[in-house]
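Written below as structure tokens is the structure these notes are about.
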Amino acid sequence: QVQLVESGGGLVQAGGSLRLSCVASGLTFSNYAMGWFRQAPGTEREFVAAISWSGRITYYLDSVKGRFTISRDNDKNTVYLQMNSLNREDTAVYYCAARTGTPLTRITNEYHYWGQGTQVTVSS
């Protein structure tokens, strides 16, 4: 079956960096666009970034542009989220997700598969 497994979360001070990874199995990874979402306590799941199957097209939440970078390695079935200049508002559980089709989307329901999430906590 399809599995998406995130890693790389943790506790970091404001201004610091983290790199999240998501390894996919059970699917033809290069056929899927990938996205990162996050959910803080008491809030709805929020789109963060997406990347096309080829890696040539990316799409970001405005508040993370210039700080976060999404990338992928199709040989390793892995998508990454490099997060720099973190602030307390970035604290959340981060999820990766996969979808077929185009264009890139921020709509949660249009993603077919989800990981279990990894916690990111930014302290002041």
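Any value given below was found using the heavy atoms of this structure, including those in side chains, with hydrogens, waters and symmetry copies removed.
A chain of hydrophobic side-chain contacts below 4.5 Å, direct or via other Ile, Leu, Val, Met, Phe, Trp or Tyr residues, connects Leu20 to Leu61. No path of Ile, Leu, Val, Met, Phe, Trp and Tyr side chains, each step under 4.5 Å between heavy atoms, connects Val120 with Val5, placing them in separate hydrophobic clusters. Clustering ILVMFWY residues whenever any of their side-chain heavy atoms sit less than 4.5 angstrom apart, transitively, puts Tyr111 in the very cluster that holds Ile57.
Minimum heavy-atom separation, Ala24 to Leu4: CB-CD2, 3.4 Å. Closest approach of Arg67 and Asp90 over heavy atoms only: NH1-OD2, 2.8 Å. Among all heavy-atom pairs drawn from Gln82 and Asn84, the shortest one is NE2-OD1, 2.9 Å. Nearest approach of Trp114 to Thr108, heavy atoms of both residues: CZ2-CG2, 3.4 Å. Between Ala40 and Ala92 the shortest heavy-atom distance is N-CB, 3.8 Å. The two residues Thr78 and Ser21 have their closest heavy-atom pair at CG2-CB, 4.3 Å.
Side chain of Ser85 to main chain of Gly15: no donor-acceptor pair is present (N/O by atom type, distance under 3.5 Å, no hydrogens or angles).
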Leu11 vs Ser123, side-chain contact (heavy atoms from CB on, under 4.5 Å): CA-CA, chis, key distance, verdict: CA-CA 7 Å; Leu11 175 65; Ser123 64; 4.2 Å; yes
Steps toward side-chain contact (heavy atoms from CB on, under 4.5 Å) verdict (Cys22, Trp36): CA-CA 9 Å; Cys22 171; Trp36 285 97; 3.8 Å; yes
side-chain contact (heavy atoms from CB on, under 4.5 Å) between His112 and Thr100, intermediate numbers included: CA-CA 8 Å; His112 310 301; Thr100 55; 3.2 Å; yes
Chi angles and distances behind the side-chain contact (heavy atoms from CB on, under 4.5 Å) call for Thr28, Ser30: CA-CA 6 Å; Thr28 304; Ser30 59; 4.0 Å; yes
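For the atom pair Ile51 CD1 and Arg72 CZ, the distance stands at 6.0 Å (nearest 0.5 Å). Here Met34 contributes atom CE and Asn77 contributes atom CG; the two are 9.5 Å apart, rounded to the nearest 0.5 Å.
You'll find the side chain of Val79 reaches within 4.5 Å of the side chain of Ile70, heavy atoms only. With a 4.5 Å cut-off on side-chain heavy atoms, Lys76 and Phe29 do not count as touching. By the 4.5 Å heavy-atom criterion applied to side chains, Tyr113 and Arg99 are not counted as neighbours. Residues Leu104 and Ser52 have side chains in contact (heavy-atom distance under 4.5 Å, counting atoms from C-beta outward).
Residues passing the ring-ring contact (aromatic ring centres under 6.0 Å, His included) test with Trp53, sequence neighbours excluded: none. Scanning for salt bridge (charged side-chain N to carboxylate O under 4.0 Å, His left out) contacts around Arg106 gives an empty result, with sequence neighbours left out.
Between Tyr59 and Phe47, the distance from one ring center to the other falls under 6.0 angstrom.
Relative ring orientation between Tyr94 and Phe68 is described as tilted, the plane-to-plane angle lying within the 30° to 60° band.
Side-chain polar atoms of Gln119 and Thr121 form a donor-acceptor pair below 3.5 angstrom.
The cationic group of Arg19 lies under 6.0 Å from the six-membered ring centre of Tyr80 and within 45° of the ring axis, placing it in a cation-pi geometry.
For residues 42-59, the pairs satisfying salt bridge (charged side-chain N to carboxylate O under 4.0 Å, His left out) are Arg38-Glu46, with sequence neighbours left out.
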